[in-house]
There are 2 protein chains.
Amino acid sequence: MSTRDQIVEAADGLFYEQGFAHTSFADVAGAVGISRGNFYYHFRTKDEILDAVIARRVEATRAMLARWEEESGDPAGRIRCFIRILVANGGKIAAFGCPVGSLTAELAKLGHAAQAEAGQIFTLFRDWLRAQFEALGFAAEADGLAMYLLSRSQGAAVLGSAFRDEAYLRREADDLCAWLDAKLSPTRKD
Amino acid sequence: MSTRDQIVEAADGLFYEQGFAHTSFADVAGAVGISRGNFYYHFRTKDEILDAVIARRVEATRAMLARWEEESGDPAGRIRCFIRILVANGGKIAAFGCPVGSLTAELAKLGHAAQAEAGQIFTLFRDWLRAQFEALGFAAEADGLAMYLLSRSQGAAVLGSAFRDEAYLRREADDLCAWLDAKLSPTRKD
DNA sequence: GTCTATACCATGATAGAC
DNA sequence: GTCTATCATGGTATAGAC
């Protein structure tokens, strides 16, 4: 892996676990094992690293969504893939929150220009979830259902990390799966 | 108002709008209109200010909950007071997120000792909401309903600020009120 | 209680040797 | 491409005059 990629990867993790503002060049350089001077050969400013990290996350999100498309044939199964992140990444979410939500929240406070780009990741999930609900026959309702799932996940991530309660995240994931089943069941239309 | 109170008030606002890590002594001193030197007469470290800000927020939350108890006689009306924060503070939430959620999230990332104290504000809301649901007859379910409302509000705050969409916050508040009505209606028990 | 002055250090950033 | 050395800035914190 190129040094540049190593830097972006390390910065990605540190921005998630420590926050953008609180992560210094020295932190990233130390994590990669290079000097601060070398660092500036690859990135001239902290904002450039942030842009690269966001681009990396956008790509990773696209790849994950594409993987879910392949793994699961039916839209309901794909939506369950989304819900399961809360469990699969439960440990990290309980410790550091949702990477997308916490970064956009931080950039919003900093008034940072990249906030819009970071928010694009939410749009990626939103559009993908909406497409799945549309495929399930929820035409006009689809975007609202996508936002509902996004909102519930974000709420779960915030409270899960506030109370440092991974079991709560599992319960919320179960509850969301039950909600989805009820939505799909013809005998129970809410 | 004492200088100390002015400092805590200014720090409270700045921690909310800029984040804790990104707010400097100079910022707070400048907002109050005192010198940095004078600052240290009142608070020796940044953590001391944080503690004072959290204590102030805990007190403000207690006072708000007590006010809601007085203003509204029935528990359902009190719960609607909680939901309405999303609308009443919509502008600030769309810009800076929820003050409680964003602070606990930041402190969690910093590994800050005060994270537990900041999380206490969530516990305050949780216990108060649970008491209202208990008064409505939801005995065993009460805590789960309280957490549901907290989670929905936090999710709404995160997405509302990510998309900078105050109208979305209003819709979420309406949706939560409708959810509450459905919960209370004897013809529709979920 | 309020101010000025200042020490000290971390950080963002640059220049230039290898 | 990587390093060391260096600078400027700003932030935390202290001492001491008024």
Basic-acidic side-chain contact under 4.0 Å: [X], [Y]:
{"X": "Arg67(A)", "Y": "Glu70(A)", "answer": "no"}
{"X": "Lys109(A)", "Y": "Glu17(B)", "answer": "no"}
{"X": "Glu141(A)", "Y": "Lys183(A)", "answer": "yes"}
{"X": "Asp174(B)", "Y": "Arg171(B)", "answer": "no"}
{"X": "Arg152(A)", "Y": "Asp175(A)", "answer": "yes"}

Below 4.0 Å: OP1/OP2 of dG1(C) and any side-chain N or O of Tyr41(B): yes

Any Thr3(B) side-chain nitrogen or oxygen under 4.0 Å from OP1 or OP2 of dG1(C): no

Over how many whole Å does the gap from [X] atom [atom1] to [N] atom [atom2] extend?
{"X": "Phe43(A)", "N": "dT14(C)", "atom1": "CZ", "atom2": "C1'", "value": "18 Å"}
{"X": "Phe39(A)", "N": "dT6(D)", "atom1": "CZ", "atom2": "P", "value": "22 Å"}
{"X": "Tyr40(B)", "N": "dT6(C)", "atom1": "OH", "atom2": "C1'", "value": "13 Å"}
{"X": "His42(B)", "N": "dA13(D)", "atom1": "NE2", "atom2": "P", "value": "16 Å"}
{"X": "Asp47(B)", "N": "dG11(D)", "atom1": "CG", "atom2": "P", "value": "17 Å"}
{"X": "Arg4(A)", "N": "dG1(D)", "atom1": "CZ", "atom2": "C1'", "value": "14 Å"}
{"X": "Glu48(A)", "N": "dG12(C)", "atom1": "CD", "atom2": "P", "value": "14 Å"}
{"X": "Lys46(A)", "N": "dG12(C)", "atom1": "NZ", "atom2": "P", "value": "5 Å"}

Residue pairs fulfilling side-chain hydrogen bond (donor to acceptor under 3.5 Å, both in side chains) with at least one residue in residues 34-47 of chain A, sequence neighbours excluded: Asp47(A)-His112(A)

Strand-adjacent residues in residues 10-36 of chain B, judged by heavy atoms under 4.0 Å from DNA chain C: Ile34(B), Ser35(B)

Aromatic plane relationship, Phe122(A) with Phe163(B) - under 30° parallel, 30 to 60° tilted, over 60° perpendicular: tilted

Side-chain (Asp27(B)) to main-chain (Ser24(B)) donor-acceptor, under 3.5 angstrom: yes

Side-chain donor or acceptor of Glu106(B) paired with backbone N/O of Phe20(B) under 3.5 Å: yes

Heteroatom pairs (N/O) under 3.5 angstrom, protein to nucleotides 15-18 of chain C:
none

